[in-house]
Q: 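Please read through the structure below; I'll follow up with questions.
In what follows, chains carry the letters A, B, and so on, assigned in the order in which the sequence lines appear, proteins first and then strands, with residues in each chain numbered from 1.
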Amino acid sequence: MPELNPQQKAAVQYINGPLLVVAGAGTGKTTVITRKIAWLVRDYGISPRHIVTVTGTNKAARDMKSRVADLLNNPNSNELVISTFQMLGLKILRDHLDIIGYRPGFSIYDSEDSQSLLAKLLRGHSSSKSPLAGAVQRQISLWKINLVTPADAPLSAGGETIQDAAARVYGEYERYLQAYHAMDVDDLTLKPVRMFQNHPEILEEWMKRQRYLLIDDYQNTNPCQHELVRLLAGGGAVTVAGDDDQSINARFGACLDNMKQLQHEFPALKVIKLEQNYRSCGRILKAANALIGNNAHIYDKTLWCDGDYGEPLRVLKARGDDHEAERVVTELLYHKFKHNTDFRDYAILFRDNSQSSVFERVLRERRIPYYLSGGTSFFDKTEIRDVMAYLRLLCNPGDDNAFMRVINTPRREIDTATLQQLSAYAAELGTGLMQASLDAGIERRLTVRQLECLRAFTNWLKSVIERSSLEDPARLVCDMLGELHYEAWLMDTSNDLKIAQRRMENVLELVSWIQRLANQEEDDTSFNGLVARLILTGILDKGNEENPGDFVSLMSLHAARGLEFPHVFFVGLEEGLLPHQDSLTDNSLEEERRLAYVGMTRAKKTLTFSFVERRKRSGEVITCEYSRFLKEIPAEDLCWEDLEREQDSQAMLSRGEINLSSLRNMLNGN
DNA sequence: TGGGGTGATATTTTT
DNA sequence: TATCACCCCA
């Protein structure tokens with residue numbers, strides 16, 4: 001096991017009170033947390049089930065779990081709670097659902113579910129996506145994150161802004177969620193906070209379980225999460241780690257002030273800084289330090305390292321976005337060929353996702369394997385959403401969204417007239433569609449044939465629900481898929497046999513997810529709990545799946561948080577893009593600078609910037625200036641490569657020094 | 001039921 | 001300017 005440096009060691013072993021670890025990029029923050037968990041268990045004698053760790057992402061939680069398991073080699077290490085705030089919230093709520101007016105099996109709404117509900121509330125009846133519903137959903141989410149109740153939401157009389165529209169439906173939205181037996185993602189942290197505030201005895205009970213709390217990525221927490229931490233850390237048995245320079249989620253309610261607040265809320269707070277960087281070479285650090293030096297800081301720190309100084313950071317200039325992509329990909333290939341590296345060693349980072357398509361096109365043209373984060377994710381695939389909807393419905397028969405999604409998937413000849421009658425009747429009864437269809441009163445409203453089709457579906461569903469609490473979950477899902485003739489349906493609806501097979505493989509992969517989740521957790525093995533964790537995993541992991549092999553990584557700066565790559569291409573460094581246009585007027589230039597800082601500090605060995613002279617923007621081509629952030633990097637560390645320099649690598653390509661087909665053969669293992 | 005054509009409209013970032 | 005939704009037609 002590698003030695004820790006003195007600061008890291010101090011952070012691991014300090015347990016006399018609340019601790020804040022201010023950890024710069026690449027200073028071994030995750031190492032400190034994992035080692036601390038191991039230390040608490042092995043040297044301090046705390047049982048794994050009494051340690052709660054919160055991470056920024058699900059992926060980070062999984063990584064940390066496996067790292068700690070390797071470190072501990074303790075059969076009880078799977079009792080450690082290591083999860084995101086949302087998963088932790090789910091666990092906290094589990095045993096007290098009655099207190100907040102819920103039962104096991106509630107649905108968890110992703111933002112799309114919330115939006116379609118809001119669309120309905122905003123315009124009477126229409127489930128089609130409206131831009132207004134999206135904006136209202138984000139506003140309500142922000143309110144929840146900031147602990148603003150419907151009663152507190154600012155409502156100006158007769159106002160027409162999005163905020164007014166949101167304030168008008170917020171309360172109704174909450175009532176509908178309750179009626180549908182559903183929560184949105186924000187509720188998963190908000191409801192535990194409210195519950196602990198209103199029922200101190202439940203907090204006390206929880207604290208019997210939780211002896212030590214560790215929180216990672218604190219700079220990206222929002223006020224609601226901060227409040228939860230404050231409640232859970234009451235006794236001061238807490239370690240918080242974060243880096244104020246890497247806070248990049250303000251638009252989603254992340255509150256940098258949380259890190260400052262800690263000092264006031266925990267007067268005994270000890271602060272330990274980690275400044276030795278183990279990731280990047282000296283020049284990259286120096287440049288990143290210079291850049292972030294232009295921001296105000298809560299905690300001053302200067303990263304240093306004792307490794308190589310490294311090459312100058314290159315700046316590629318391109319004529320337009322396609323040219324930029326050509327240039328970057330050419331340089332990437334040239335570098336790979338010259339240094340015999342893997343594709344997975346490279347990342348292309350950009351400010352906004354719309355920049356990815358050009359790069360995708362060029363990478364595809366050159367047959368370079370790439371992996372795009374945040375693209376269509378596994379959990380967005382139609383077949384996965386279908387099966388998930390079945391699972392939701394099994395847990396919560398009142399979930400009308402799920403009901404509507406699966407009722408004719410596969411086809412059941414239930415016609416629109418039936419559905420109209422059914423939803424009208426459900427509205428009369430004040431129940432969900434499922435309950436309405438089981439009610440005797442619906443029989444008079446439908447033809448014999450219609451009723452037969454409907455009842456065939458609902459009776460079958462009832463039988464699966466009855467089995468769901470008895471059978472092994474993965475087994476149950478497989479049986480269900482068989483009864484649905486789901487594979488045959490995939491064949492029917494896919495033009496191509498290959499595609500149908502691929503879809504079936506996806507479904508089977510979902511089953512293996514279920515299997516994995518079922519094996520993972522020891523204290524909630526119920527079907528309802530399993531499905532809740534699966535749905536939440538789907539929401540949290542959206543577009544964040546593991547890079548599955550030797551692929552060039554393509555992702556937004558936000559998605560790159562927490563990752564590292566030997567070689568980084570940081571593209572689109574133009575005024576108006578990074579910093580983003582809006583940041584100039586709404587006071588978020590520092591946030592943009594942090595974003596640039598995060599991008600730069602992902603790089604271990606080489607960092608290459610690029611920008612274009614002209615970029616298409618809302619239809620018209622505009623002339624671009626390179627980003628002010630490049631000007632904030634010491635000139636001696638940058639190597640500008642204007643258009644003429646490009647000839648070099650192009651020429652090498654054409655002279656055969658880089659031979660694409662031989663490279664390809666090499667990759668194919670010939 | 002699906003596909004193709006036309007018109008309008010949006011342009012950060014995500015746990 | 002590119003995509004997306006919607007509408008119309010087959």
Q: In whole angstroms, how far is the C1' atom of B:dA10 from the CD atom of A:Q581?
A: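 To the nearest whole Å, that distance equals 16 Å.
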
Q: Roughly, in whole Å, what's the span from CD in A:E360 to P in C:dA2?
A: 16 Å

Q: If you take the centroid of each ring, where Trp contributes its six-membered ring, are A:F609 and A:F570 closer together than 6.0 Å?
A: yes

Q: Considering residues at least two apart in sequence or located in another chain, which fulfil the ring-ring contact (aromatic ring centres under 6.0 Å, His included) criterion with A:Y180?
A: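 With neighbours one apart ignored, the set is A:Y176.
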
Q: Tell me every residue that passes side-chain hydrogen bond (donor to acceptor under 3.5 Å, both in side chains) with A:D586, counting only those two or more places apart in sequence or in another chain.
A: A:R251, A:S588

Q: Which part of the nucleic acid does A:R615 contact within heavy-atom distance under 4.0 Å: base, sugar-phosphate only, or nothing?
A: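 No contact.
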
Q: Residues two or more places apart in sequence or in another chain: which of them pass salt bridge (charged side-chain N to carboxylate O under 4.0 Å, His left out) with A:E265?
A: none

Q: List every contact pair, protein side and nucleotides 13-15 of chain B side both N or O, where the distance is under 3.5 Å.
A:
{"unit_1": "B:dT13", "atom_1": "OP1", "unit_2": "A:N353", "atom_2": "N", "d": "2.9"}
{"unit_1": "B:dT13", "atom_1": "OP1", "unit_2": "A:N353", "atom_2": "ND2", "d": "3.1"}
{"unit_1": "B:dT13", "atom_1": "O2", "unit_2": "A:R351", "atom_2": "NH2", "d": "3.0"}
{"unit_1": "B:dT14", "atom_1": "OP1", "unit_2": "A:S556", "atom_2": "OG", "d": "2.9"}
{"unit_1": "B:dT15", "atom_1": "OP1", "unit_2": "A:N544", "atom_2": "ND2", "d": "3.2"}
{"unit_1": "B:dT15", "atom_1": "O3'", "unit_2": "A:G56", "atom_2": "O", "d": "2.4"}
{"unit_1": "B:dT15", "atom_1": "O2", "unit_2": "A:Q86", "atom_2": "NE2", "d": "3.0"}

Q: For C:dA5 and B:dT12, measure between their C1' atoms and round to the nearest Å.
A: 23 Å

Q: With A:R614, which residues qualify under salt bridge (charged side-chain N to carboxylate O under 4.0 Å, His left out), at least two apart?
A: none

Q: Holding to side-chain hydrogen bond (donor to acceptor under 3.5 Å, both in side chains), I want the full list of residues that pass it with A:R392, two or more places apart in sequence or in another chain.
A: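 Expected list: A:D113, A:D399.
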
Q: Distance between the C1' atoms of C:dT3 and B:dT14, in whole angstroms?
A: 22 Å

